[in-house]
Amino acid sequence: MSSTASEIDGAPPLAREIAELTRRRQVIASDRLPKPEKTRILTISNQKGGVGKTTTAVNLAAALARQGARVLVIDLDPQGNASTALGVEHHADMPSVYDVIVSDVPMEDVVQKSPEFGALYCVPATIHLAGAEIELVSLVAREQRLHRALDLYLKGLDEPFDYVFIDCPPSLGLLTINAFVAAREVLIPIQCEYYALEGLSQLLKNIQLIEKHLNPELTVSTILLTMYDGRTNLANQVAQDVRDHFPNQVLESLIPRSVRVSEAPSYGQSVISYDLNSAGSLSYLEAAAEIARRGAPKTGDQQ
């Protein structure tokens, strides 16, 4: 064993990288993830754009579905990128999450099965969602629309979902507020670059307001570091700063910058199905496993 380790240490960088990827693949292949006792509903949010919200939502969902969990992704971003990445139709004539929150269409009439994995489903977004912020203003209980529709849908299922991921737009408008009210947990992706923490304090203040006035069960359970480049001092410093500020919420798993992760949506796939053996895919599989093992936070666990 020690001779093998010394051989790897003395090998060229590429050989060491291949050996490490192989080791990680073997660990993941032998993994059996625990399922939650009840449905975990996570909103993935950060008002800063380009931090990997949609990429994280799609790939964590695909990673958990690949491991046997039943997963639902709700695409609440008018761009509809999560719908695209999961390979579900979301052209303007399709029923979508817009119809659910604005017109009270039952969620079961909108849910589509993703071709990615057998137990992966999606509530798609269409371009109509772009005007929903304005239309919601005049509606009764405008902050509760998604929560009520999702709750009714989940209660009517014979086989419950293990996870629901809600992909938010990069803003703190009524759509994001609906996501916070519908969820029990918030997952915040943070880019390992300069200004990463900018605006985070405002996001946390808004989450606290939602918790106080609209959803007392809401908690920031998970922070995931994305677009990590271990070759730079900046990325390592940002990662350390975030860990220092949020020691209980930050996952050990890091999501590296990856060409495969960027390419996958153009093929209507998650990176999990596009290139299972890539570093990006393995990182999301590891992050999903960590989320599953941590479980939903108990009341009072939030720091």
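Residue numbers run from 1 in the order of the sequence given.
With Arg40 contributing its side chain and Phe165 its backbone, the two residues share no donor-acceptor pair below 3.5 Å. Side chain of Thr54 to backbone of Asn81: no donor-acceptor contact under 3.5 angstrom is found. Looking only at distances, no side-chain donor or acceptor of Asp167 sits under 3.5 Å from a matching main-chain atom of Ala57. Judged by distance alone, the side chain of Ser281 and the main-chain N or O of Asn277 form no donor-acceptor pair under 3.5 Å. Using a distance-only test at 3.5 Å, with no hydrogens or angles considered, a donor-acceptor pair links the side chain of Glu290 to the main chain of Glu252. When atom types are taken as modelled, the side chain of His245 and the backbone of Asp241 share a donor-acceptor pair closer than 3.5 angstrom. Asp75 places no side-chain N or O within donor-acceptor distance of the main-chain N or O of Pro124, the cut-off being under 3.5 Å. Judged purely by atom type and a 3.5 angstrom limit, Glu211 has no side-chain atom pairing as donor or acceptor with the backbone of Glu217. Judged by distance alone, with hydrogens and angles left aside, the side-chain atoms of Ser283 form a donor-acceptor pair with the main-chain N or O of Ala279 at under 3.5 Å. A donor-acceptor distance shorter than 3.5 angstrom exists from the side chain of Thr43 to the backbone of Ala179, with no hydrogens or angles considered.
For the side-chain contact (heavy atoms from CB on, under 4.5 Å) criterion with Leu72, the lone passing option out of Thr39, Val111, Leu157 is Val111. Evaluated for a side-chain contact (heavy atoms from CB on, under 4.5 Å) with Ile101, the options Leu150, Leu129, Leu174 yield exactly one hit, Leu129.
Residues Ile207 and Leu209 have side chains not in contact (no heavy-atom distance under 4.5 Å, counting atoms from C-beta outward). Residues Leu187 and Thr56 form a side-chain contact, since some pair of their non-hydrogen atoms from C-beta on lies under 4.5 Å apart. Between Pro169 and Thr176 the shortest side-chain heavy-atom distance falls below 4.5 Å. Within the 4.5 Å cutoff, no side-chain heavy atoms of Thr219 are placed close to those of Val186. Inter-residue side-chain proximity for Leu225 and Ile255 is flagged as unmet; no heavy-atom pair is nearer than 4.5 Å. Taking 4.5 Å as the limit, every side-chain heavy atom of Lys35 sits out of range of all side-chain heavy atoms of Arg70.
Note that OH of Tyr274 and CD of Glu116 are 12.5 Å apart. Values are rounded to the nearest 0.5 Å. If you take CD1 on Ile166 and CG on Leu175, they are separated by 11.5 Å, rounding to the nearest 0.5 Å. The distance from atom CG of Asn46 to atom SG of Cys168, rounded to the nearest 0.5 Å, is 10.5 Å.
Listed by first and then second residue, the ring-ring contact (aromatic ring centres under 6.0 Å, His included) pairs that reach into residues 122-147 are Tyr98-His128, sequence neighbours excluded.
Using a cutoff of 4.0 Å between basic side-chain nitrogens and carboxylate oxygens, Arg260 and Asp275 are scored as salt-bridged.
Under the 4.5 Å side-chain heavy-atom criterion for Ile, Leu, Val, Met, Phe, Trp and Tyr, Ile210 and Leu204 are members of the same hydrophobic cluster.
When the shell of 6.0 Å around NZ of Lys113 is examined, it contains more than 12 heavy atoms from other residues, nucleotides or ligands. Heavy-atom contacts from other residues, nucleotides or ligands closer than 6.0 Å to CG of Asn233 number 12 or fewer. The local environment of CZ in Arg231 is sparse, with at most 12 non-hydrogen atoms from other residues, nucleotides or ligands closer than 6.0 Å.
Thr55 and Tyr284 are not linked by any side-chain donor-acceptor pair at a separation below 3.5 angstrom, with hydrogens and angles left out of the test.
Ring pair Tyr121/Phe161 is perpendicular by interplanar angle, where above 60° counts as perpendicular and below 30° as parallel.
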key: Ser45 and Leu203: CA distance, side-chain angles, deciding distance, side-chain contact (heavy atoms from CB on, under 4.5 Å) verdict   = CA-CA 9 Å; Ser45 179; Leu203 174 62; 4.0 Å; yes
inquiry  = The test is salt bridge (Lys or Arg N to Asp or Glu O under 4.0 Å); show your working for Arg145 and Asp104 and say whether it passes.
reply    = CA-CA 8 Å; Arg145 309 282 293 185; Asp104 294 319; 2.9 Å; yes
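When all heavy atoms of Tyr228 and Ala239 are compared, the pair lying nearest together is CE1-CB, 4.4 Å.
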